[in-house]
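To find a chain, count down the sequence lines: A is the first, B the second, and so on, and within it residues start at 1.
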Number of protein chains: 2
Amino acid sequence: MKRNTWQREAVRGALDDNDGFVSAQALHSALHATGSPIGLATVYRALADLAVKGDADSLQSPEGESLYRACSSNGHHHHLICRNCGLTVEIEADAVERWAKDVAAQNGFTQAAHVVDVFGLCAACTAKAAASA
Amino acid sequence: MKRNTWQREAVRGALDDNDGFVSAQALHSALHATGSPIGLATVYRALADLAVKGDADSLQSPEGESLYRACSSNGHHHHLICRNCGLTVEIEADAVERWAKDVAAQNGFTQAAHVVDVFGLCAACTAKAAASA
DNA sequence: CTCGTGATCGAGAACACTTCTCAAGAAACG
DNA sequence: CGTTTCTTGAGAAGTGTTCTCGATCACGAG
Ligand SMILES: [Mn+2]
Ligand SMILES: [Mn+2]
Ligand SMILES: [Zn+2]
Ligand SMILES: [Zn+2]
């Protein structure tokens, strides 16, 4: 019941071309830069679809923008993200998963979900910052 | 250089009257409901100030809204939040702190900060949901 | 207790991000 | 093809937050 359009292909492709997390607007700009006439609303829709299908991870930047990324790893995992360049490292942490589940259960909470992200400056951006300081 | 106004007092008081995390707009409504003529912009400003002074914790709801809470515990900690009623439990987890620091360092990241929150349905809201289902 | 200065306030405008509306377009399928 | 139905895209609308700027008020100096 979901049709195949070049627009959806384009969004998926643009996501793949990107290493780190990107916003819908940035992706739209990138697509436009290559000459694509895709609409902004369509980019938002495609990203939302990819996210629910599990083909993309999404998170909120500290500034409140929604960011998306085509993830290599399939299962549940978390991210270490450079707040300067967006570079992302996928991290798995069974210990944290267990901890989140336990702390919820111990307090009588059900349907627990957790948000676990680490933001920092990657090695390259750290070096760059030190040089310019 | 920071003046004392009844507005700031009112915001701090309203925060204290609230168990869980609340949004700036909710707080503004609550204040209005008690007859206070405080302005919305002022509520935003007061909350931002409280947050940088460390007198309030802030986080982003999964929907992207900024939420605030007057926390009892002083030090760094995390939260277990009911997504229905906002009830909040403060949690400390040295293991998670260490893990975040380590995973950043191991990947060459500096100035690491982490976002760790657990959302769920509290016991009361779970019961209520089961009853109405 | 004035006064003066400058921080603070608040109404509304402006912003940034996201979603909605709906007419036009194009997959899918017999 | 032709029909059906989903998808698209431009712009409007919605939502949360910040900005603008004249009026107000806190507070230390005199
Ligand atoms: Mn990932
Ligand atoms: Mn807290
Ligand atoms: Zn970087
Ligand atoms: Zn609850």
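- With hydrogens and angles ignored, the 3.5 Å screen pairs no side-chain donor or acceptor of A/Thr88 with any backbone N or O of A/Ile81.
- Between the P atom of C/dC17 and the CD atom of A/Glu63 lies a distance of 10 Å, rounded to the nearest Å.
- Here B/Ser66 reaches the OP1 or OP2 of D/dT17: one of its side-chain N or O atoms lies under 4.0 Å away.
- Among the heavy atoms of the strands lying under 4.0 Å from A/Arg8 are primed sugar atoms or P, OP1, OP2 only; no base atom is included.
- Which of D/dC27, D/dT8, C/dC9 sits closest to the side chain of A/Thr5 comes down to D/dT8.
- A straight line from NE2 of A/His28 to P of C/dC17 spans 14 Å, rounded to a whole angstrom.
- Between A/Arg45 atom CZ and C/dT19 atom P there is a gap of 11 Å when expressed in whole angstrom units.
- We find that CG of B/Leu47 is positioned 10 Å from P of D/dT17, with the value rounded to whole Å.
- Under the 3.5 Å distance criterion, the side-chain polar atoms of B/His78 are matched with a main-chain donor or acceptor of B/Val116.
- In this structure, CD of B/Glu9 is placed 14 Å from C1' of D/dA26, rounded to the nearest angstrom.
- DNA chain D is contacted by both B/Ala24 and B/Asn4; B/Ala24 maps to the nucleotide lying nearer its 5′ end (nearest heavy atom per residue).
- Distance alone, capped at 3.5 Å, is enough to place a donor-acceptor pair between the B/His77 side chain and the B/Gly75 backbone.
- Here the P atom of nucleotide C/dT21 and the CG atom of A/Leu40 are 17 Å apart, to the nearest Å.
- No N or O donor and acceptor, one from the side chain of B/Arg3 and one from the base of D/dG28, sit under 3.5 Å apart.
- Under 4.0 angstrom from either OP1 or OP2 of C/dT19 there lies no side-chain N or O belonging to A/Tyr44.
- Rounding to whole angstrom units, CD of residue B/Gln60 and C1' of C/dA16 are separated by 14 Å.
- Across the interface with DNA chain D, nearest-nucleotide mapping of B/Ala48 and A/Trp6 shows A/Trp6 to be the residue nearer the 5′ end.
- In this structure, A/Ser23 reaches neither bases nor backbone, as no heavy-atom distance under 4.0 Å exists between it and the strands shown.
- Contact check on B/Arg69 versus B/Glu90 returns a salt bridge, with a Lys/Arg side-chain nitrogen under 4.0 Å from an Asp/Glu carboxylate oxygen.
- Here the shortest heavy-atom pairing between A/Ser23 and A/Glu65 reads CB-OE2, 3.2 Å.
- Rounded to whole Å, the distance from CG on A/Leu27 to C1' on C/dC17 is 15 Å.
- Between A/Gln7 and C/dA26 there is no side-chain polar atom (N or O) within less than 4.0 angstrom of OP1 or OP2.
- The nucleotide whose nearest atom lies closest to any side-chain atom of B/Glu65 is, among D/dT17, D/dG9, D/dC19, D/dT17.
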